Amino acid sequence: MHPGAHGGTIGLVTVSDIHLGPAAPLPKRVAVLSFHTSPLAQPGTGDAGGLNVYVLQSARRLARRGVEVEIFTRATHSSQPPVEEAGDGVLVRNIVAGPFEGLRKEDLPTQLCPFVAGVMRAEAGQAPGHYDLIHSHYWLSGQAGLVASEHWGVPLVHTAHTLAEVKNAVLTAGDTPEPGARRIGEQQIVDAANRLVVNTIGERDELVGYYDADPADIDIVPPGADLEQYTPGTRRGTENARRALGLAQKSEVIAFVGRIQPLKAPDVLVRALAEIVRTQPHRDVRLLVVGGPSGSGLDRPRSLMDLADELGVTDRVSFLAPRPPAELVDVYRAADIVAVPSYSESFGLVALEAQACGTPVVAAAVGGLPTAVADGRSGVTVDGHDPRVWARVLGSLLDDDERRLEMSRHAPVHAAGFSWDSTADGLLASYSGTMAAHRARRAAATAC
């Protein structure tokens, strides 16, 4: 990998504390690559999730700071225009690469060549030096970024979001191992990219441990929540939210928000609910599942409904389609607890959004979730995925109104430490250092 831009590890606090001097280069225009999923897609279905939110929100915040952002993604509908505006200073370029529909995620690598060709054509129509830097998201985009970086002569910053080695290490029943080709592709990106940006210290350690990355080449920039959109509601607002969702005012409500697939472990919550009902059959507790089948969950799209039926809790589980942020706010506010039981989670934006709305979160102690949730203050982190343990944790928190209320007060305070504005600041610091190091290397090569 290229020598580090900063000469040392940038931590959770220090990356956003870097003060850029007057001579520090800042990008005027950044090419963002998000090949496998569009930032304009609705999170919660297909391959759309936290990565989509990250790409779109960080781009909009960078644009507010005067950086033009052009996001390249694969077109998935014939009705999509070649270029769409996603906010002031943010363009989404829909590149035709393969069939619009019916292409499985496993088959996407076969369309990398046409995608790269489309990206190159878009750049070829611009004046030389149109882009100052490339930021790729997920390994498929990173592969495209390696080619574009070489041809354009600009640095590549890469964010993995998830890693094959990490996902395979926590493989759960019903899930499919990540292919060896992905592992090889990720290693190539780690070895060749100018910088790696991760969400947490844990992610940095995974890159170092599994992929032999140099810690000095990694910047830690936490993602955030839209603190303008996600805010605590009033008591009347909460009552209205429950009414709109068909929930009784006195019901105890646990909410799950996300893609329905084995990795996200919504089945743990259905089993935990059944355990609570088994021991306290007259308790009015309900589970709200907001999301759609994704990944290996597409093989059995009704599996969660079938499980609820098998365990006799169908009447206590409500399934809702994914919804935009303006409507998702009502879900968070209507819930007594938001649960995130994932087996692997690079950060857990749902946990942040829920806390920003004043709702305590019970989350698995994996990946970035122990950072996203302040254990004992804004929520509870749980070791393992035993439904009986989850039933005890959820039940005890629902039983303790005073404790839950205190967590509700602290949750927005904790979430306030993670904003997309802070993310944009961290990314700009990383970009600036990367550009400075890249220019220095080119100058040195020319001098030789």
Side-chain angles (χ1 to χ4, degrees), residues 1-34 54-72 88-91 123 128-137 141-142 145-146 148-150 152-160 189-190 192-201 203-204 207 213-224 418-446:
M1 190 167 181
H2 298 306
H6 302 300
T9 300
I10 305 300
L12 279 167
V13 176
T14 56
V15 71
S16 58
D17 290 339
I18 295 175
H19 298 289
L20 303 176
L26 288 174
K28 294 180 181 178
R29 188 177 293 106
V30 173
V32 173
L33 306 186
S34 181
Y54 184 108
V55 170
L56 184 60
Q57 291 294 343
S58 60
R60 286 173 172 171
R61 294 321 195 276
L62 287 169
R64 289 183 185 180
R65 287 155 174 73
V67 180
E68 294 183 31
V69 181
E70 295 186 14
I71 305 169
F72 292 82
D88 292 339
V90 181
L91 295 180
E123 189 271 345
H130 186 67
Y131 302 108
D132 298 303
L133 179 137
I134 300 167
H135 190 167
S136 57
H137 295 267
S141 299
L146 292 178
S149 173
E150 182 71 23
W152 299 348
V154 300
L156 172 65
V157 174
H158 179 72
T159 300
I189 297 164
V190 168
N194 296 78
R195 297 295 294 174
L196 301 172
V197 170
V198 299
N199 295 324
T200 64
I201 292 173
E203 268 191 281
R204 179 201 63 190
L207 277 171
D214 186 342
D217 291 327
I218 304 173
D219 285 342
I220 304 171
V221 183
F418 300 89
S419 70
W420 288 116
D421 287 316
S422 295
T423 302
D425 290 339
L427 289 176
L428 276 179
S430 182
Y431 293 169
S432 176
T434 302
M435 289 171 62
H438 185 259
R439 292 180 184 180
R441 281 193 301 274
R442 296 191 72 174
T446 302

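Just so it is clear, the structure is predicted and the values come from calculations on it, not from any experiment. Index from 1, following the sequence. All values below come from the heavy atoms of this structure, side chains included, with hydrogens, waters and symmetry mates left out.
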For this session: Using the side-chain contact (heavy atoms from CB on, under 4.5 Å) rule, take H135 and V69 through it: C-alpha gap first, then chi angles, then the decisive distance, then the call.
Result: CA-CA 10 Å; H135 190 167; V69 181; over 6 Å; no
Exercise. Do L196 and V190 pass the side-chain contact (heavy atoms from CB on, under 4.5 Å) test, and can you show the C-alpha distance, the side-chain angles, and the key distance before you say yes or no?
Worked result: CA-CA 7 Å; L196 301 172; V190 168; 4.1 Å; yes
Exercise. Would R195 and D217 count as a side-chain contact (heavy atoms from CB on, under 4.5 Å) if you check the C-alpha gap in whole Å, the side-chain angles of each, and the deciding distance to 0.1 Å?
Worked result: CA-CA 6 Å; R195 297 295 294 174; D217 291 327; 4.0 Å; yes
For this session: Any chance you could lay out the side-chain contact (heavy atoms from CB on, under 4.5 Å) test for V157 and M435, step after step, and finish with the verdict?
Result: CA-CA 10 Å; V157 174; M435 289 171 62; over 6 Å; no
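Side-chain contact between L146 and H158: absent, with no pair of heavy atoms (C-beta onward) separated by less than 4.5 Å. Proximity of I134 to V154: side-chain heavy atoms (C-beta onward) are separated by under 4.5 Å at one or more points. For the pair N194 and R441, the minimum side-chain heavy-atom distance is below 4.5 Å. With a 4.5 Å cut-off on side-chain heavy atoms, V67 and Y431 do not count as touching.
One distance of note links CD1 of I218 with CD of E203; it measures 10.0 Å at 0.5 Å rounding. One distance of note links OG of S141 with CD1 of I71; it measures 11.0 Å at 0.5 Å rounding. Atom OG of S422 is separated from atom CG of L427 by 11.0 Å, given to the nearest 0.5 angstrom. Within the model, atoms CG of L26 and CZ of R65 stand 11.5 Å from one another, a figure rounded to the nearest 0.5 Å.
In this structure, S430 and D219 approach most closely via the heavy-atom pair OG-OD2, 2.6 Å. Here the closest heavy-atom approach between residue L156 and residue S136 is recorded as CD1-OG, 3.6 Å. In terms of heavy atoms, V90 sits closest to A59 at CG2-O, 3.6 Å. Considering all non-hydrogen atoms of both residues, P222 and T423 come closest at O-OG1, 2.8 Å. Here the closest non-hydrogen pair linking S58 and W420 is N-CE3, 4.3 Å.
Under the 30°/60° scheme for interplanar angles, the aromatic rings of Y131 and W152 are found to lie parallel.
The main-chain N or O of R442 is found under 3.5 Å from a side-chain atom of T446 such that the two form a donor-acceptor pair. Side-chain atoms of R29 never come within 3.5 Å of backbone atoms of E68 as a donor-acceptor pair (strictly under, hydrogens ignored). Looking at S432, its side chain does come within 3.5 Å of a backbone N or O of P25 through a donor-acceptor pair. Between the side chain of T159 and the backbone N or O of V197 there is at least one donor-acceptor pair closer than 3.5 Å.
Salt bridge status for D425 with R61: absent, with no side-chain N to carboxylate O gap under 4.0 Å. Here K28 does not pair with D132 in a salt bridge; the nearest charged N to carboxylate O distance is not below 4.0 Å.
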